[in-house]
Structures are given as C-alpha cells and as structure tokens.
**Q** 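Structure provided below as structure tokens; questions to follow.
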Amino acid sequence: MTFGWSSKRSDGQAGQTTINENGRCAVIVLRTGRRRTVTGVPSGEPAAHRVETPARTGARPLLPVPGPGTIRANRPPGRQVSRHRSASTGLFQENSLPCQNTFMGSPNSNKTFSPIRRRTATLALAASATAFIANASNTGSAASICELDEATNTALERLNNYRPTPTELQFHELLMARVIRMAANNPRRPFCATIVDRDGRLMAEGINNSAAHPGKHAEIVAINAYIERHGNNDWSNTTMYTTGEPCAMCLGTIAWARIPRVIWASSVETIRQSGIGQISIGAIELAARAHEIYQPEYLLGGVCADVMDLLFRTRPR
C-alpha cells in the first residue's frame with residue numbers, strides 16, 4: 001500500500017510526502033519544486049520520527065511505481081512531471097519539466113492537464129464528432145429531420161394537384177411576358193416580380209437589387225412597393241408574378257402577407273444550374289409547411305419557363 005501526508009518544514013515550506021510499500025523510502029516534493037528523500041522510516045511511525053536527508057548530488061530521486069490512491073503534491077503552475085524507467089536500477093524516475101499541456105492550448109493559462117486526462121478528452125471529442133457525422137449523413141433534407149404531419153401532407157397534395165384551365169393559363173402567360181420583359185433589363189440577375197389585382201392591373205413591381213442589399217430580392221421589393229402605395233391591407237385581391245421560383249426568404253414574406261396566388265417561370269433547380277446559388281427547397285413545400293398561417297388559393301410554376309430558362313442560362317457572368 002502507498003501512503004502519503006502533507007508536511008510542513010520549520011521554515012514554513014509546505015510539501016507532500018509519499019511512501020512506498022515497505023515504508024523504507026519516500027520522496028518529499030516541496031512546493032518550491034525541490035525534492036528530498038527520506039529513508040529508514042517505517043510507514044507506521046509518527047511524523048516526529050521522520051528524518052530528512054538530502055539526495056545524492058547530481059542524482060534525481062528514484063521512485064517505485066506509484067500505487068492507486070497515492071497523494072501527489074500540488075505542482076507549481078507551468079510544470080509537469082516526466083516519468084521513465086532507469087536502465088541501471090529498473091526503478092521509475094521522475095523529472096520536473098516545463099509544462100506544455102496548457103489548458104485549451106492557451107500559453108497564458110495556469111491550468112494544466114495530465115497526459116491521461118488530455119487523451120481521455122481527445123477520445124471523447126473524437127467520439128462525439130463521429131456520432132455527429134453519422135447522424136448528419138442520415139439526414140438528407142429538412143423533410144427527413146422534421147417529418148410532414150397530416151395537415152402539411154394535405155396542404156401539399158392540394159397545391160400539387162392544382163391545374164389551371166386553358167383560359168387561365170393563357171392569362172398567366174400574358175402577364176408573365178410583361179414581367180420577363182422587365183427582367184431583361186437586369187441581365188446578370190434577371191429576377192423581376194409584379195403584383196396585380198384580379199383583373200391584371202399592375203399594382204406594384206420590383207427588380208432584384210441584392211448587390212445593394214442581400215434582402216432586396218424582386219419579390220421583397222415588390223411587396224415593399226405595394227405597401228408604400230396601398231398600405232398593408234387587401235392582399236386577398238392580389239396575385240404575384242415572378243420570373244424565378246421564390247426562395248425561402250421570399251416565400252416566407254409572401255406567406256406572412258398572405259398573397260393568395262403566386263405564379264413563377266423558372267424553377268429553383270434551373271436557377272442553380274445557371275450559377276446562382278439557391279436554398280434547395282421548393283416554394284410549394286414551404287407553403288405547405290406554413291399551412292397554419294398561409295392557405296393560398298394556388299401556387300403555379302413553369303409559366304413561360306422555356307423563355308425564362310434561356311435568359312438564366314445565357315446571362316452574363
């Protein structure tokens with residue numbers, strides 16, 4: 001068994017004492033970093049009978065293998081102990097060295113970790129990272145993380161099943177042609193949106209200006225223009241036409257405004273292929289997920305897509 005106790009010398013220097021199994025050899029580690037060996041002291045004798053003798057000149061104290069429960073000294077900040085076996089005696093020897101294992105890698109910190117604690121922390125971190133990557137690889141999209149409930153599935157099915165009549169489609173194409181002509185004036189980012197009433201009369205319009213502000217997408221600009229002219233009301237009488245499928249930001253604003261009808265030309269995937277980054281989630285799915293606040297009459301994509309897709313593919317880079 002290994003014993004240890006705190007000791008205090010006559011000069012006031014506190015330290016730590018460790019004794020091996022036979023009680024014949026001990027090392028006193030002082031808080032000043034110096035060491036003294038104690039020999040010939042049985043483990044059962046009181047502290048008054050301990051005799052301190054200096055270690056041999058030029059030699060470091062040789063220690064037996066420390067057992068469990070050994071009480072060790074509080075080492076000075078910035079120091080660590082290196083232990084190795086002596087080739088001549090076969091005993092373990094400790095050297096006090098400058099500590100390189102600083103807390104969180106900060107050289108100015110006085111907190112130190114033993115190599116075992118550092119290895120344990122590293123293994124725990126690696127295990128956590130592995131588990132996180134494994135979970136992430138199993139989640140391909142937002143739908144797999146948050147499954148669609150029954151109400152969302154019902155809203156999604158209703159929006160996907162909408163089909164305009166030939167007369168309605170011809171009306172949509174006529175109004176979309178006007179939006180495409182406006183977008184042609186902004187060839188690098190040909191996004192344009194208009195808000196019309198049920199009869200097709202223009203109420204507001206917007207052209208993408210994300211170079212000046214990241215939130216100035218065409219749909220947002222058109223909504224702001226509508227509010228300036230008509231106030232934040234009577235959205236139920238409006239229809240939005242836009243050259244590109246609304247992104248998550250734009251569809252969210254459309255949902256909060258509760259614009260009941262939205263028509264677009266090019267899809268998110270076509271816009272991505274033209275070199276313009278997009279959030280890869282469709283407007284219809286977003287609208288279905290917002291069913292608690294937004295129940296649009298219909299959302300329709302692909303109107304005049306053949307013309308608008310060509311503008312996106314051939315836009316100047």
Side-chain angles (χ1 to χ4, degrees), residues 159 162 164 168-169 171-272 274 276-279 281-287 290 294 296-313 315:
L159 293 173
Y162 170 74
E168 290 175 337
L169 183 59
F171 181 72
H172 293 326
E173 290 175 346
L174 180 63
L175 295 180
M176 183 63 74
R178 178 171 61 186
V179 184
I180 293 175
R181 285 195 297 269
M182 295 172 60
N185 297 323
N186 192 28
R188 288 185 178 275
R189 302 185 75 84
F191 295 98
C192 183
T194 60
I195 298 176
V196 302
D197 63 10
R198 286 185 178 272
D199 297 326
R201 288 190 295 265
L202 183 65
M203 306 184 75
E205 62 186 23
I207 296 178
N208 183 285
N209 192 20
S210 56
H213 188 287
K216 287 190 174 182
H217 289 198
E219 297 89 338
I220 304 297
V221 175
I223 290 173
N224 290 337
Y226 177 90
I227 293 174
E228 289 177 0
R229 298 175 188 177
H230 309 283
N232 186 21
N233 51 59
D234 200 24
W235 292 104
S236 62
N237 191 42
T238 62
T239 303
M240 175 175 284
Y241 290 84
T242 176
T243 56
E245 184 175 0
C247 69
M249 177 185 69
C250 296
L251 199 283
T253 306
I254 291 169
W256 286 113
R258 295 175 174 82
I259 298 175
R261 295 166 292 276
V262 183
I263 297 95
W264 64 86
S266 297
S267 66
V268 166
E269 187 59 32
T270 299
I271 298 172
R272 287 184 62 199
S274 73
I276 300 175
Q278 294 290 296
I279 300 174
I281 183 170
I284 292 180
E285 181 181 349
L286 286 168
Y294 185 46
E297 185 178 331
Y298 59 80
L299 277 69
L300 180 63
V303 177
C304 297
D306 53 344
V307 178
M308 198 61 225
D309 289 354
L310 183 62
L311 283 179
F312 275 112
R313 294 192 184 102
R315 70 181 185 88

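The analysis underlying the following values was restricted to heavy atoms, covering all of them including side chains, and did not include hydrogens, waters or symmetry mates.
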**Q** Roughly how far, to the nearest 0.5 Å, is the CG atom of Leu300 from the CG atom of Leu159?
**A**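 Leu159 CG to Leu300 CG: 11.0 Å, rounded to 0.5 Å.
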
**Q** Atom CE of Met240 and atom CD1 of Ile254: how far apart are they, to the nearest 0.5 Å?
**A**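 Taking CE in Met240 and CD1 in Ile254, the distance rounds to 4.5 Å.
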
**Q** Which atom pairs, donor and acceptor, lie under 3.5 Å between side-chain atoms of residues 202-209 and protein residues at least two apart or in another chain?
**A**
| from | atom 1 | to | atom 2 | distance (Å) |
| --- | --- | --- | --- | --- |
| Asn208 | OD1 | Ser210 | N | 3.0 |
| Asn208 | OD1 | Ser210 | OG | 2.9 |

**Q** Among residues two or more places apart or on two chains, list those pairs meeting ring-ring contact (aromatic ring centres under 6.0 Å, His included) that have a residue in residues 204-235.
**A**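 Those involving residues 204-235 are Tyr226-His230, Tyr226-Trp235.
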
**Q** Who are the side-chain contact (heavy atoms from CB on, under 4.5 Å) partners of Leu310, not counting sequence neighbours?
**A**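 Result, side-chain contact (heavy atoms from CB on, under 4.5 Å) vs Leu310: Thr314.
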
**Q** Excluding sequence neighbours, so at least two apart, what forms side-chain contact (heavy atoms from CB on, under 4.5 Å) with Glu269?
**A**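 Testing Glu269 for side-chain contact (heavy atoms from CB on, under 4.5 Å), a comparison that skips the adjacent residues, returns Ser267, Arg272, Gln273.
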
**Q** Residues in side-chain contact (heavy atoms from CB on, under 4.5 Å) with Asn185, at least two apart?
**A**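 Testing Asn185 for side-chain contact (heavy atoms from CB on, under 4.5 Å), a comparison that skips the adjacent residues, returns none.
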
**Q** Show your working on side chain to side chain contact (heavy atoms under 4.5 Å, CB included) between Phe191 and Ile271 and close with a plain yes or no.
**A** CA-CA 10 Å; Phe191 295 98; Ile271 298 172; 3.8 Å; yes

**Q** Run the salt bridge (Lys or Arg N to Asp or Glu O under 4.0 Å) test against Asp199 and tell me which residues pass, sequence neighbours left out.
**A**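 For Asp199 the salt bridge (Lys or Arg N to Asp or Glu O under 4.0 Å) partners, ignoring immediate neighbours, are Arg201.
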
**Q** Just so I know, are the side chains of Met308 and Pro190 near enough to count as touching, which here means a heavy-atom distance under 4.5 Å?
**A**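 A side-chain contact under 4.5 Å exists here.
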
**Q** Between Ile279 and Val268, is there a side-chain heavy-atom distance shorter than 4.5 Å?
**A**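 Heavy-atom side-chain distance check fails, nothing below 4.5 Å.
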
**Q** Heavy atoms only: give me the nearest Pro246-Val262 pair and the separation to one decimal.
**A**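 Minimum heavy-atom contact is CG-CG1, 4.2 Å.
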
**Q** Report the distance from atom CZ of Phe312 to atom CZ of Arg189, rounding to the nearest 0.5 Å.
**A**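 If I round to the nearest 0.5 Å, the distance is 9.0 Å.
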
**Q** From Asn232 CG over to Asn224 CG, what is the distance, rounded to the nearest 0.5 angstrom?
**A**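 Result: 10.5 Å between the selected atoms.
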
**Q** Please determine whether side chain to side chain contact (heavy atoms under 4.5 Å, CB included) holds for the pair Ile281 and Leu286, giving the CA-CA distance in whole Å, both sets of side-chain angles, and the decisive distance to 0.1 Å.
**A** CA-CA 7 Å; Ile281 183 170; Leu286 286 168; 3.7 Å; yes

**Q** State, to 0.1 Å, how close Ala265 and Ala305 come at their nearest heavy-atom pair, and which atoms those are.
**A**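 What the structure gives for the nearest pair is O-CB, 3.6 Å.
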
**Q** Roughly how far, to the nearest 0.5 Å, is the SG atom of Cys304 from the CE atom of Met176?
**A**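 If we round to the nearest 0.5 Å, Met176:CE and Cys304:SG are 6.5 Å apart.
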
**Q** Check side-chain contact (heavy atoms from CB on, under 4.5 Å) between Ala177 and all other residues, then give those that pass, not counting sequence neighbours.
**A**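 Ala177 satisfies side-chain contact (heavy atoms from CB on, under 4.5 Å) with Arg181 only.
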
**Q** Any donor and acceptor pair, going by atom type alone, linking the side chain of Tyr294 with main-chain N or O of Ile259 inside 3.5 Å?
**A**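 Answer holds: yes.
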
**Q** Determine which pairs satisfy side-chain hydrogen bond (donor to acceptor under 3.5 Å, both in side chains) with at least one residue from residues 244-266, sequence neighbours left out, and list them in order.
**A**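 Those involving residues 244-266 are Thr239-Arg261, Arg261-Glu297, Ser266-Asp309.
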
**Q** List for me each residue that meets ring pair (Phe, Tyr, Trp, His ring centres under 6.0 Å) alongside Tyr298, sequence neighbours excluded, and say none if there are none.
**A**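 Counting only residues at least two positions away or on another chain, Tyr298 forms a ring pair (Phe, Tyr, Trp, His ring centres under 6.0 Å) with Tyr162, His172.
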
**Q** Who passes side-chain hydrogen bond (donor to acceptor under 3.5 Å, both in side chains) against Thr243, sequence neighbours left out?
**A**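 Expected list: none.
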
**Q** For the CG atom of Leu251 and the CD1 atom of Ile284, what is their distance to the nearest 0.5 Å?
**A**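 One gets 9.5 Å once the value is rounded to the nearest 0.5 Å.
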
**Q** Please report the C-alpha distance between Val179 and Thr242 in whole Å, then the side-chain angles of each, then the deciding distance to 0.1 Å, and finally whether the side chain to side chain contact (heavy atoms under 4.5 Å, CB included) criterion is met.
**A** CA-CA 7 Å; Val179 184; Thr242 176; 5.8 Å; no

